[in-house]
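Lettering follows sequence order; numbering is per chain, from 1. Fair warning: this is a prediction, and the values are worked out from it, not measured in the lab.
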Amino acid sequence: MSHAFYVYSSYLVALAITAIAILWTWADGRARQRELAELEAAGVRRRSAAPRTSPVENPKEAASE
Amino acid sequence: MTALLLRDLKLSVRAGGGALIGILFFLTVVAVIPFGVGPDLNLLSRIGPAIIWIGALLAALLGLDRLFQADRDDGSLDLLLMQEHPLVLTVLIKCLAHWLANVLPLVIASPLLGLFMNMNEVSIGAVMLTLLVGSPALAFIGAVGAAVAVSLPRGGLLVSILVLPLTIPVLIFGVSASYAAVQEPAPFLPPFLILTAITMFFAVIGPLGAALALRNGGD
Amino acid sequence: MTESLAITKFSDLANPTRFLSLASRLLPWMGGATAIFFVVGLYLAFASEGDYQQGETVRIMYIHVPAAWLSMMCYSVMALSAIGTLVWRHPLADVSHKAAAPLGAAFTLIALITGSLWGKPMWGTWWVWDARLTSVFILFLMYLGIIALNRAMDDPSKAARVSAVLILIGFVNIPIIKFSVDWWNTLHQPASVIRMGGPTIDGEFLRPLLVMAIAYTLLFFTLHVMAIRSEIWRRRIATQRRVAARMASRES
């Protein structure tokens, strides 16, 4: 087989994996955004006004400060 | 600390032959190999040290997931965590107990398997010596995996997956030292000393990491 | 004073809300820069001449070598985040190393597959137990183990702390593994020393390689920020669902 075959197939593979990684990350972000919007529509809101420093679920972090 | 060591030893002996199952597994793995590669005695004696090392490696991983899980189930892990002794020391003792109860029998059983593999006396001795020196490292690395997966109900397979890549250095130097003992030009001491160094290194790193994981992974 | 100022700045970044707003401002720029660097890098890669020895296949180097670099850089980023998790209990660090692990695995996979495709015409075989390939393969296994551990645990903050320990142990181990694999390799293949690319790289090849390396690095950080963002969202969603469930049970 010619060398071009290997060159192009390796570029294709790299492209495919990169594309999968990008799409996955992007789709994941979109799905989470949609879920957040749904929750918001359902009336569940973050208590962002409340003095809670770390919204990430990590009570120890908040306690240690 | 001696009390802990004795308690762990007693428990694992009483628990219904953890060591026996380990030896049985070791025996079975090694016995299956000739059926795979053929009964050629020359070939078997050539690959024998490697087979025994790999078998011992796999068998040493067997009981690992119970190392901290048993303590977690009956609540004594919490007691160990609350003790005033440094946790690292406790973990070290537990590793030693695990090694004495589950891994040392493998080392003792290895000459027998060496005979099956048609290895000569020097080779059998070398494999036994390298296993004796190298297998504590397996227990120490395994402790990290066991501590990491302690809260998982079915962590056994995961522990093996996590631990095996980290044990590659031990395997490499263990096997090359046992080959070096038989094959003439290669010197025995350098790989053997490196193996010793790796074991000592992991004797520090392993309990440290396991203690850290236990502290952080507790409920 | 300056130190406390630095700490305030640092903890500013630690605030996930602030991180999210910063990320949404930065991401378009990072994505754009990544795209530009990739276009330029790919153009350079195909415009440059082939090596007289390796021929056209030298072009594989432009995607293979940066991916291999990235696979190691990603692990270093994860190790740093792991320290952040264990030492400072930094809420973002938890998220950071969890988000980086699949990306690292992806880049390592690229490095492995392109390396294999490069090896076939160069060495005549798809896989050689060469020291470098073997180390990268072990690295790949370690990435997969970390991902598996993260998936197996339900509680995200506990999973983060426990896998941080594993990442650090692995990080300490990588030099040992590298050293032992080198030793093992010289033991088993004393004569045929395989070199990739060769020790001296001509400027002709270096330029596209560097551009591609920058492009890959930018790509990694863009994806990393995106993954961190969706991980933060995921945790918020979980928290809010829990809050909603608690409120519902209180009402009924």
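To the nearest 0.5 angstrom, A:L12 atom CG is 12.0 Å from C:I113 atom CD1. To the nearest 0.5 Å, atoms CZ (A:R30) and CH2 (C:W233) are separated by 9.0 Å.
Residue C:F38 places its CZ atom among more than 12 non-hydrogen atoms of other residues, nucleotides or ligands, all under 6.0 Å distant.
Heavy-atom minimum distance, C:A227 versus A:T25: N-CG2, 3.6 Å. Closest approach of A:R32 and C:I237 over heavy atoms only: O-CD1, 3.4 Å. Nearest heavy atom pair, residue C:I60 against residue A:Y6, reads CD1-O, 3.8 Å. Nearest approach of C:L42 to A:Y11, heavy atoms of both residues: CD2-CE2, 3.7 Å. The two residues C:T114 and A:A14 have their closest heavy-atom pair at CG2-CB, 4.5 Å. Taking all atoms of both residues into account, the shortest heavy-atom contact from C:A106 to A:I17 is O-CG2, 3.7 Å.
With contacts defined as side-chain heavy-atom distances shorter than 4.5 Å, the pair A:S10/C:I63 qualifies. Side chains of C:L219 and A:I22 form a contact here, defined as non-hydrogen atoms less than 4.5 Å apart.
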Item to check | Chi angles and distances behind the side-chain contact (heavy atoms from CB on, under 4.5 Å) call for A:L36, C:Q240 | outcome: CA-CA 9 Å; A:L36 268 182; C:Q240 288 178 18; 4.1 Å; yes
Checklist entry - Step by step, would you call A:V13 with C:I110 a side-chain contact (heavy atoms from CB on, under 4.5 Å)? => result CA-CA 7 Å; A:V13 166; C:I110 292 180; 5.9 Å; no
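The contact between A:Q33 and chain C is made by backbone and side chain atoms together, counting heavy-atom distances below 4.5 Å. Heavy atoms of C:L223 lying under 4.5 Å from chain A belong to its backbone as well as its side chain. Heavy atoms closer than 4.5 Å to chain A are found in both the backbone and the side chain of C:R234.
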